[in-house]
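Order of the sequence lines fixes the chain letters, A, B, ..., with proteins taken first and strands second; residue numbering starts at 1 for each chain.
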Amino acid sequence: MQPIARDMIRVTALTRTYGSFNALDAVDLSVAQGEFVTLLGPSGSGKSTLLNLISGMIEPTSGKIEIDGRDATNQPTNQRGLGMVFQNYALMPHMTVFENVAFPLQVRKVPKSEIETRVRDVLRLIQLEHVADRKPKQLSGGQQQRISLARCIVYRPSIILMDEPLGALDKKLREDMQLEIKRLHAELGITMIYVTHDQEEALAMSDRIVLMRKGRIEQQGRPEELYFRPDTLFTADFLGSSNLLMGTIDVSARTLQTAYGNLPLPATRPGEPKSGDGVLMIRPESVRLFSETAPETWSGLQATVRDSIVLGSFVRHFLELPGGKRVIVQEPSGASLSRPERGSTVRVAWGPQDARLLRTDPDFQNL
Amino acid sequence: MSFPRRSNLVVPAAAWITYLFLLVPSLIVIPISFGGSGEMTFPPQVWTLDLYRQFFADAAWWGSLIQSLRIAVFVTLVTTVLGVPAAYALQRTNLPGGKVLGGLAMGPLLVPVVVLALGLYLQLGPIGLADKTWTVVLAHSMLALPFVMVSVGAALRHLDPSYEQVALIMGAGKTRIFFKVVLPQLRSGIAAGALFAFLISLDEVIVAYFITGTATQTLPVKMYSALRWEVSPVIAAVSTILTVVSLAFAIGLMWLERKDRHD
Amino acid sequence: MSETKPYLDRWAGLALLLPMAALLAIFFVYPLARTVWQSFYEYGFTLRAYETLLSSTLFWKVLKTTFAISFTATIVALLAGYPVALHLSRLPPQRRMPYLVMVMLPFWTSILVKSFALIVLLGYDGIVNNALSFVFGSPIHIPMVFNRVGAILGMVNYLLPFMILSILSSLLTQDVNLGRAAEVMGASRFTIFRRITLPLSMPGVLAGVLISFTLSIGMYITPALLGGRQDMMMANLIDFYTRQTLDWPLASAIAVVLLLVSGVLVAMLGQVRGAGGMKEMAR
Ligand SMILES: Nc1ncnc2c1ncn2[C@@H]1O[C@H](COP(=O)(O)OP(=O)(O)OP(=O)(O)O)[C@@H](O)[C@H]1O
Ligand SMILES: [Mg+2]
């Protein structure tokens, strides 16, 4: 029996070195059919390298790449049956929009009449039928990127790779295009691997986020998993903002001894540090403000209000613990009608399960 | 300042003397060529087409013009067909000897033409290959190659490799990519190289003078021989024809350059 | 292992380069090698040609003439070209085009056409002499062609585009604000030119001089058509030994000397301009 979602891509121990530098370091990754996977990470973390290894534009130093069940490690690029969208669109400037979209079909020797209908259909799908006879240079950036998407979709590749496809567009257009890509993904069910270094984009679009760091996968999972249950300081810090409190683990009392007091630790989980130094991470939206006492089971700290700003549907409070450590709290706008006064003293507190105990990391010294 | 200082005029005045010296020898042949076969004067006393009639009445003259045009056309074809793929390969491979070969292709520009002419004469004469149209074509192609390589190379450096990458991912073969994706985008670079090649061949004297005989004489060789013995007025007509062709091509080249800058 | 994967593999690259390489091998490398070989060969290896050269008064005279004419032509081209480059550099870019066309015009016209025109202009009964006779009311016949003046004028006309563009390119990289600042500080235009413009344009001048000199020493047509009997240059001497006396080893030996001299000059140009200088000549 066919499994419901088979792996379209499986890479094993994939490594690419430049000289003695590992641009990609023994990465294992599988992508299921129809999945929308985002490679997220800071500049130089190896996202493009991984994508270009999958497309065959660079050769792996070692490791294996399988596409749709066959070994593609040494397969030429043009036989891998992939599609790709570039940040600079890469639409042929000497061809009209129609000819651009027809090109991959001509390559596949599709009969002329069928090309005509398929190109028209896909242009209709992205609502750009009326520009068929224009040259790419006569279109806006957003239109060009939709055409380059159409050029991929039209030949139904098993996987579409996108390397920061929206990087050249302004914010408003980016958001429209994010929705458009999501819609096309949902309607067509094509497997997509999407590269970005924009965490909001990754959170908004992905079925799964693969967070990369220095040529390795730091953590992968559903967006909310990565956001609320980061395994490492790097993940916590890269996605959204977070409050990080460093201290020493007291194993018997199950608390973290910090400069601000002993804070109770959440229930144990596999992979957490057992002893020594640790960092407690609490998302700003998990923290609440109390003018007097917090619920008994909650951890709480005394803090001074420095500033509060309303950001539409939520309010963000900037507080300071004794010693100068900053804490951010985010509440829905309606939750506290009266804003705390600047300079007043409040209690900040969070539910024990909203905190997460993480390992320290040499790259994050000054917490 | 209310009026220009005198020193402001020194540079333009000096420059204009040179501009005239650049301009006049290239253009004076045109009015002279309409001046009839008497004494060559400027401006001509009478305006006539006599010299052109003389030119076309003499099979030796217009025959060598046809020969020159024929050779120039072949040179254009040969340099384009050899040069464009070679320039492409030099950009898109990293063969060990590639750099050396690219430098070698610039060589004909750096060696005095007379040395090459002598070498070709020594090479072709003894084995009976001098006085053949096709050897002139190939010799001229060698001389024109650097110009084609420079023009096409410059166009290639401006060609974003992502067009080839995206076509490759879409499944296209490299031959198809070369013809459908790369060549159309190199059009003006190739055209510029072709115009260069045509002009270089059309105006070339020294090599042709060393390796052609009566059977294959080109127009510049015929003209050079004629100039050495007597300065016949019909040369004014020949010169005008050559100049007009050259200028047409030069204007074409400049137009291509401008177009590139605006695209 | 290579650092990045080239787009074309080795075999495709070779196949595309082979025809051009063959043309260069047969019609460029081989003739040069043949010339060098011929200079040492006459029924066996010999240094006869070089020995003859060393003791030939004609060769030394021609060598001297070649350098003298080339040197003069280069200096005249520099003096005539610098004001043009300066003028062009001071024009706003959008107005430069028609002037550049004038500069490039000699580059595009056949050297034969220009030689013919100079003969007609400067000859014994030429247009210039006629005009002068008309102005002064008495017959004037200043000898301006078929002598060294003619050869030099013809060469200067040929060299000017190279000289001007070379100087222009280094004038255009100068910072305009430097001159403005000096002017604000009260420097006269001539001081600005002498202290700022001229020193900063020296790389272009040097490259222009080297290019011009390299082109000059190999000149063939101009000295043959516009020079006098005394103005034979190396290229003409090569032709003389090749066709008149059929002494191929001697002709080849002169060619080798010419090749070496221009090789040194090209190497110097490479030092001045980097690799770009060579391509400059093609533009
Ligand atoms: N051809 C190359 N030679 C040497 N180093 C390279 C080469 N290509 C990439 N690298 C290095 O490999 C590392 C990973 O590069 P990669 O392009 O995959 O990063 P990225 O995650 O896509 O970053 P960005 O967000 O900036 O696009 C970088 O440190 C880069 O400098
Ligand atoms: Mg990248």
- Should C:Ser252 and C:Ser39 be marked as a side chain to side chain donor-acceptor pair (under 3.5 Å) after you check the CA-CA gap, both sets of side-chain angles, and the distance that decides it? CA-CA 5 Å; C:Ser252 301; C:Ser39 73; 6.0 Å; no
- Is NZ or CZ of C:Arg243 both nearer than 6.0 Å to the six-membered ring centre of B:Tyr209 and within 45° of the ring axis? yes
- Under 6.0 Å between the ring centres of C:Tyr30 and C:Trp37? no
- Task: Determine the minimum heavy-atom distance between C:Leu91 and C:Arg96, stating which atoms define it.
- Result: O-NH2, 3.1 Å
- Is there a donor-acceptor contact under 3.5 Å linking the side chains of B:Ser26 and C:Thr109? yes
- Task: State whether C:Tyr7 and B:Lys174 meet the cation-pi test: NZ (Lys) or CZ (Arg) under 6.0 Å from the six-membered ring centroid, and within 45° of the perpendicular axis.
- Result: yes
- Between C:Trp248 and C:Thr242, is any pair of side-chain heavy atoms under 4.5 Å apart? yes
- Given a strict heavy-atom distance threshold of 4.5 Å, which part of B:Leu143 is in contact with chain C: side chain, backbone, both, or neither? neither
- Item | chain C contact via B:Leu242 - side chain, backbone, both or neither, heavy atoms under 4.5 Å | side chain
- Which portion of B:Leu195 sits near chain C, non-hydrogen atoms under 4.5 angstrom: neither
- Item | Which atoms of B:Phe249 approach chain C - backbone, side chain, both or neither, heavy atom under 4.5 Å | neither
- Under 4.5 Å from any heavy atom of chain B - which part of C:Phe193: neither
- Aromatic centroids of C:Phe107 and C:Tyr158 separated by under 6.0 Å: no
- Is it the backbone or the side chain of B:Leu95 that comes under 4.5 Å from a heavy atom of chain C, or both, or neither? side chain
- Closest heavy-atom pair, B:Tyr121 versus B:Phe210, reported as atoms and distance to 0.1 Å, is CD1-O, 3.2 Å
- Note on the structure: Turns out that what part of C:Leu153 lies under 4.5 Å from chain B's heavy atoms comes down to both
- Heavy-atom distances under 4.5 Å only: say whether C:Asp9 touches chain B with side chain, backbone, both or neither. backbone
- Message: Quick check on C:Ile26 against chain B: is it the side chain, the backbone, both or neither that has a heavy atom closer than 4.5 Å?
- Response: both
- Message: At a 4.5 Å cut-off on heavy atoms, which part of B:Ile17 comes close to chain C: side chain, backbone, both, or neither?
- Response: neither
- Message: Quick check on B:Ile251 against chain C: is it the side chain, the backbone, both or neither that has a heavy atom closer than 4.5 Å?
- Response: neither
- Task: Tell me, for B:Ala117 versus chain C, whether the close heavy atoms (under 4.5 Å) come from the side chain, the backbone, both or neither.
- Result: neither
- Choice from B:Val78, B:Leu82, B:Thr243 maximising heavy atom contacts with chain C below 4.5 Å: B:Leu82
- Counting only heavy atoms closer than 4.5 Å, note whether B:Val115 contacts chain C via side chain, backbone, both or neither. both
- So which of B:Leu122, B:Leu145, B:Thr93 has the largest heavy-atom pair count under 4.5 angstrom toward chain C? B:Leu122
- Item | Under 4.5 Å from any heavy atom of chain C - which part of B:Leu27 | side chain
- Contact origin within C:Leu265 toward chain B - heavy atom pairs under 4.5 Å: neither
- Message: Could you tell me if C:Asn129 and C:Tyr124 have a donor-acceptor pair between their side chains, going purely by distance under 3.5 Å?
- Response: no
- Task: Tell me, for B:Leu199 versus chain C, whether the close heavy atoms (under 4.5 Å) come from the side chain, the backbone, both or neither.
- Result: side chain
- Checked B:Val114, B:Leu22, B:Val113 vs chain C; the most non-hydrogen pairs under 4.5 Å come from B:Leu22
- Task: Name the region of C:Val29, side chain, backbone, both or neither, that has any atom closer than 4.5 Å to a heavy atom of chain B.
- Result: side chain
- Query: chain B heavy atoms under 4.5 Å from C:Leu105: which part of the residue, side chain, backbone, both or neither?
  - Reply: both
- Task: Below 4.5 Å from any heavy atom of chain B, which atoms of C:Ile119 appear? Answer side chain, backbone, both or neither.
- Result: side chain
